[in-house]
Structures are given as C-alpha cells and as structure tokens.
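Quick caveat, the model's predicted, so the values are computed rather than measured.
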Amino acid sequence: NSSMHKVKLIFHAVIFAALITSQSAIASPVSDALGNCMADNTTGKDRKDMARWMFVAISVHPEMRNLSQISKNDQDNVDMLMGNLVTKLLTESCSEQAKNAMNEGGEAFKTAFSVLGQLAMQELMTNPDVKSSISGFGKYIDKDKMNAVFTKK
C-alpha cells in the first residue's frame, strides 16, 4: 500500500543519511525546516544515542567485526533508542515539518537526517579522549617524506 511504501522510503532515507553523514545533500526550505526542528528537539544524550547506533551499525561490517564485541542485546537496545527517537521526532516534535518533507520525497529526509547525523558525530568529537585518539596516527607519519613533498625548493 502507498502509506507503507512512504514509511519504507523514510526508513531507508534515515538509515542512508545517518550512516553517510559526509555526503552532501541538496537542501531545500522543507528539508532545512525538518533538519532544524530535529536539531532543536534533540538533546546531547539523543545525539550520543544516535552516534552509538551508527557505531553499532558499522561494527557488523565484516571488516570491522574484529574491532568490537557488540552483543545482540546491545544492538537491540540501540535500535530501540533510535526507533524511539525517530518516532518522537517525526510524529510528535516535528510532525508538521515531516508531513511537508513527505511531499518532497526521500531527499528531504536524507538532508534533514544528514544534518542530525553530523550533530551526533560532533557530540562525540568534542570529547578530549576522542580528539586524542584521532590524532594518534600522527606519531606514525614519516616526517622526512612529508617534508620532501611539501617543502619548497
């Protein structure tokens, strides 16, 4: 039925945008309104929960499985938190903006959830331990090779 197809479209847009947060999406007034509403109606905890969900989703990739010990119970818990958050945002906090976005199709949802995904990652990236871990690869950069390429002669 058409209604179920629309719900599936939203679901896939949410997943796509949340996991591909670096992909630029084409903003529109409708997607901006939905994205702004969702940003305004999520807390730091909500965004951390979303980032946790993204981490768990990525951890099941065959190339990543050996880096994490995510239990089925942990996966179910983050799926529940994400499902509750998306439900709250689209049916309560931002229902009017979501209805307007539905008229534009999946692109408006992709854009709006991409913004929310970026905010979720920012929540994590501001942590000093994360910042330190991200810069850890620097000790393995070959400075002589870098200087040879980037030093003007």
Side-chain angles (χ1 to χ4, degrees), residues 1 3-27 31-32 34-95 97-98 101-102 104-146 148-150:
N1 93 29
S3 178
M4 186 52 109
H5 177 70
K6 288 180 180 180
V7 170
K8 281 185 171 182
L9 179 67
I10 292 170
F11 179 71
H12 289 113
V14 169
I15 292 171
F16 176 80
L19 295 176
I20 313 293
T21 57
S22 64
Q23 181 173 339
S24 62
I26 299 170
S31 63
D32 286 346
L34 180 58
N36 290 336
C37 181
M38 291 191 306
D40 289 346
N41 285 283
T42 53
T43 65
K45 182 189 178 315
D46 292 334
R47 294 174 191 155
K48 287 179 183 104
D49 287 344
M50 185 175 186
R52 185 176 290 113
W53 173 79
M54 289 187 284
F55 175 82
V56 169
I58 292 167
S59 75
V60 301
H61 187 282
E63 296 292 325
M64 302 297 150
R65 283 187 193 139
N66 68 323
L67 299 174
S68 179
Q69 298 291 323
I70 307 287
S71 72
K72 180 65 175 147
N73 189 48
D74 289 337
Q75 187 170 6
D76 287 343
N77 285 336
V78 296
D79 285 345
M80 180 188 67
L81 290 171
M82 186 66 177
N84 290 341
L85 176 61
V86 170
T87 299
K88 180 188 85 152
L89 290 172
L90 297 182
T91 65
E92 297 172 25
S93 306
C94 305
S95 61
Q97 294 87 345
M102 180 65 77
E104 280 197 8
E107 285 302 314
F109 286 97
K110 286 180 190 176
T111 303
F113 276 97
S114 179
V115 169
L116 191 57
Q118 289 171 11
L119 289 173
M121 293 311 296
Q122 286 174 7
E123 285 288 331
L124 297 183
M125 300 309 242
T126 59
N127 178 277
D129 293 335
V130 173
K131 285 181 181 180
S132 176
S133 179
I134 287 173
S135 64
F137 76 93
K139 63 186 170 197
Y140 297 104
I141 290 178
D142 187 324
K143 290 171 184 60
D144 293 333
K145 285 184 177 180
M146 296 294 256
V149 171
F150 296 110

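To the nearest 0.5 Å, atom CZ of residue R52 and atom CD1 of residue I70 are 10.0 Å apart. How far OG of S59 is from CE of M54: 13.0 Å, rounded to the nearest 0.5 Å. Interatomic distance, CD of Q97 versus CG of D32, reported as 12.0 Å (0.5 Å rounding).
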When you look at L116 and M50, which way does the side-chain contact (heavy atoms from CB on, under 4.5 Å) test go after all the steps? CA-CA 9 Å; L116 191 57; M50 185 175 186; 3.7 Å; yes

Check step by step if side-chain contact (heavy atoms from CB on, under 4.5 Å) holds for M38 and V115. CA-CA 9 Å; M38 291 191 306; V115 169; over 6 Å; no

Working for side-chain contact (heavy atoms from CB on, under 4.5 Å), residues L89 and N41: CA-CA 7 Å; L89 290 172; N41 285 283; 4.0 Å; yes

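Nearest heavy atoms, V130 versus M125: CG1-SD, 3.8 Å. The two residues L34 and A98 come nearest to each other via the heavy atoms CD1-N, 3.8 Å. The shortest heavy-atom contact between A112 and S31 is CB-O, 3.8 Å. Smallest separation of non-hydrogen atoms from F55 and S68: CE2-OG, 3.9 Å. The shortest non-hydrogen separation linking A51 to M121 is CB-SD, 4.4 Å.
Remark: D46 engages K88 in a salt bridge (Lys or Arg N to Asp or Glu O under 4.0 Å) (not counting sequence neighbours). The side chain to side chain contact (heavy atoms under 4.5 Å, CB included) search around L67 returns M64, not counting sequence neighbours. Residues meeting the side chain to side chain contact (heavy atoms under 4.5 Å, CB included) test with R47, sequence neighbours left out: A39, T42, L119, A120, E123. Taking the side chain to side chain contact (heavy atoms under 4.5 Å, CB included) definition, one finds that S95 meets it with nothing, sequence neighbours left out. M80 is linked by a side chain to side chain contact (heavy atoms under 4.5 Å, CB included) to N84, counting only residues two or more places apart in sequence or in another chain.
Pairs passing the side-chain hydrogen bond (donor to acceptor under 3.5 Å, both in side chains) check and including a residue from residues 125-135, sequence neighbours excluded, do not occur. The list of side-chain hydrogen bond (donor to acceptor under 3.5 Å, both in side chains) pairs with a residue in residues 73-82, not counting sequence neighbours, reads W53-D79, S71-D74, K72-D76. Sorted by first and then second residue, the disulfide (SG to SG under 2.5 Å) pairs with a member in residues 55-94 read C37-C94; sequence neighbours excluded.
Within the 4.5 Å cutoff, the side chain of D49 has no heavy atoms near those of the M82 side chain.
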